[in-house]
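One structure below.
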Amino acid sequence: MGKIEWAMWANEQALAAGLIYATGGIVGVAGQFRGWQFAAFGIAAGVFVCLLEYPRSKRGKGTSVERTGQYCFTVCVNAFGPLTRNYYVRAFLHAALCVPGGFMLATVLGCVCLGIASLIYLSAAIHGEHWEPILPRTEPPKRVGDSIKEPPQNPPPRPPPELRRKKADKLETAAYDNPMSVTVNE
Amino acid sequence: MGNWIINHGLSAFILVVWMGINIFLFVYYYLFYDQGPQFEYTRELLGSALPWARAPAAVLNFNCMLILLPVCRNLLSLLRGSFICCGRTMRKQLDKNLTFHKLVAYMIALMTAVHTVAHLLNAEWYTNSFQGQYGPLAGNLSMLDDSSELKTTYLNPVRSNSTTPTLLVFTTIAGLTGVVITLALILMITSSMEVIRRSYYEVFWYTHHLFIIFFAGLVFHGAGRIVRSQQVTDPPHNTSFCEDQPENWGKKPECPIPQFAGGFPQTWMWVIGPMIIYLCERLLRFIRYMQPVSYRKIVIRPSKVLELQLVKPGFKMAVGQYVFLNCPAISQLEWHPFTMTSAPEEDFFSVHIRSVGDWTEDLIKMVENLPEGGQGPKMAVDGPFGTASEDVFDYEVSMLVGAGIGVTPFASILKSIWYKFKDSDPKLRTKRIYFYWLCRETYAFEWFADLLQVLEKEMEERGMRDFLTYKLYLTGWDQSHVNHAMVHFDKDTDIITGLKQKTSYGRPNWDKEFEQVRQENPSSVVGTFLCGPQALAKDLEKKCVKYSDVDPRKTKFYFNKENF
């Protein structure tokens, strides 16, 4: 698996984990389970993780595919600078967020999934990956050089006149006029 | 509307049948557990969370049975071969096997979610029942213990005050296997997202093998028999009379102590068949892996394309089929698909491999370092597997569209045409072929241009210029191409390919092309075959629908897509 960018998979896993964490939390709170406080935390953590993970990073190699409507999220996440660009921070953050989920059944699955995502992010960080925002490229329009406005100063290079002259009998097929007049037996 | 029915009717029908079965199973089992008298007391503890858990379980059984079948490619080849009598529409459905696999996977994911949420509620409510939070009836039911002296059987799996829902889940077979297989499922799904699959195939392939854990856990998931139903006792327990007086159970003749027993696990009955079929499929791949394959010729083509000509005893192919190659020196476990570029009439089979990822790059590097005339690395071949291009000769008129390296199946077809022509094969039903090749760069043309040149000459010699009409489109043109073309516009042959047919620049105008085909073939059935990007597939599919006519006297277009 030489060229794998672990962060890509970690991102998918973390997004899924966030959703599962939040869903488990909702069930825990709505059903008024024992330990519902952990479930409430699960909802908050799950939503936060989803928001953090929604914008995909730019790939190191190859074309990056954006998620629909991720531009605003990209801008927000990018605003935090090294906190969000560094994957060690993310790995640690996910590991910390997932721990409270282990205390209640409804959020246990979210906890484990987020934990796995944290491990994959750790692997990504060890491989030196980091998060890059996908921003629309503003290329300057192709400018034609100014020199095109000036007429050429010199004629195009041509071989010396002696070599250029056409034989008299081929005058009709010649593409240009002779620089020197020619007669048949020159 | 009629055009849509022709092109998508059978697929839609199969989907409706599948969805119908799902809905039926869901509703039937929901009602079974919601209204069945044997679950009256269980429902006392769990409410409607019981049927909400059991109904998706039934749907899951059905779909877990189905999910293995579309990926048994040898089975599908067998079916495709035996459907020769049933027409091409039936066989085309088998091309969509991966789409169906994904659809079933989505249903499994959805039902797992519903099932898990319902069981979260169940675990919580069982625990609460035991702790007496739901009244005397629930409390008494929960107090029933598995005891031979008292002659009682338990109903509530929670047996002690210190059991929490988490403990309940992790100490029962059902709970533990449930968590493990759900985790496996989540990992499988996240690594199968399109982004991961297209760019990092190995992650997808290896992680997907978690399905072994999934099925193992699934089979044992019901072994604990945790869903308990009421058994008929002698004398019978009159539920409606007795439920208000649980303290009198065993004391009144109408109310003997109710007995409960766990349900017999059924999942294995659903999945054992496909599991065996899939096992046979993998065994077959292993057998093919052991069979010897030798190299006839190795050619390194321009733009990092590798041509391998291989010979395998007993190997028979048809046009446009593909094989899976495995090179143990690069990776023991990976099998990668490649379309064959040789015709069945030749005594070898060839593949053209482009450098796209780890495996292909390693192979090309290995081959580049070989001594002159040496045998290549040991290669195992599984296949051949049939795809849509087998049907090319069944249509009177065929439109073949290949984008970039997607032209490979058509190389096989065109070579086969050439051979059939030479032998005047009467099996050739095709009267006309339109071939469109879309390519971004010029230098990828070379290995294919040779073939086209030969065909061009052959057709002219036999005076059959109309048989094959081919158009080449250079989609990645820029100013230098334009300049070059302007300077050489009066040359007889094309400046890029050296063929008589001129290369066009930019993308084809499909409306014009379809219109031309329709005009030149007024009452024919036209098969459109594409090997290329998804966007183009959507485009062509729409055009096929647009230009088809239900009227049998007019032209009909059928769309077929290669997929890997």
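Residue numbering restarts at 1 for every chain, and letters A, B, ... go by the order of the sequence lines.
In terms of heavy-atom pairs under 4.5 angstrom with chain B, the leader among A:I116, A:V108, A:L15 is A:I116. Annotation: maximal heavy-atom pairing with chain B below 4.5 Å, among A:V112, A:L105, A:V65, A:L109, occurs at A:L105. Between chain A and the options B:E124, B:M193, B:E194, the largest number of non-hydrogen pairs under 4.5 Å is found for B:E124. When A:S64, A:A106, A:G102 are compared by the number of non-hydrogen pairs under 4.5 Å with chain B, A:A106 comes out ahead. Of the residues considered (B:V179, B:T182, B:V195, B:V117), B:V195 shows the highest number of contacts with chain A, using heavy-atom pairs under 4.5 Å.
With a threshold of 4.5 angstrom between heavy atoms, B:T207 approaches chain A through side-chain atoms but not through N, CA, C or O. Proximity to chain A (any heavy atom under 4.5 Å) is shown, for B:F204, by neither the backbone nor the side chain.
A donor-acceptor contact closer than 3.5 angstrom is absent between the side chains of A:W9 and B:S191.
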Could you go through the side-chain contact (heavy atoms from CB on, under 4.5 Å) check for B:T166 and A:M104 one step at a time?
CA-CA 7 Å; B:T166 319; A:M104 201 197 135; 5.8 Å; no

A:Q13/B:I186 under side-chain contact (heavy atoms from CB on, under 4.5 Å): CA gap, chis, key distance, verdict
CA-CA 8 Å; A:Q13 179 69 15; B:I186 293 170; 4.2 Å; yes

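Distance check, rounded to the nearest 0.5 Å: CD1 of A:I120 to CG of B:L187 gives 7.0 Å.
For residues 16-47 of chain A, a heavy-atom distance under 4.5 Å to chain B picks out A:A16, A:I20, A:V27, A:F33, A:R34, given by residue number.
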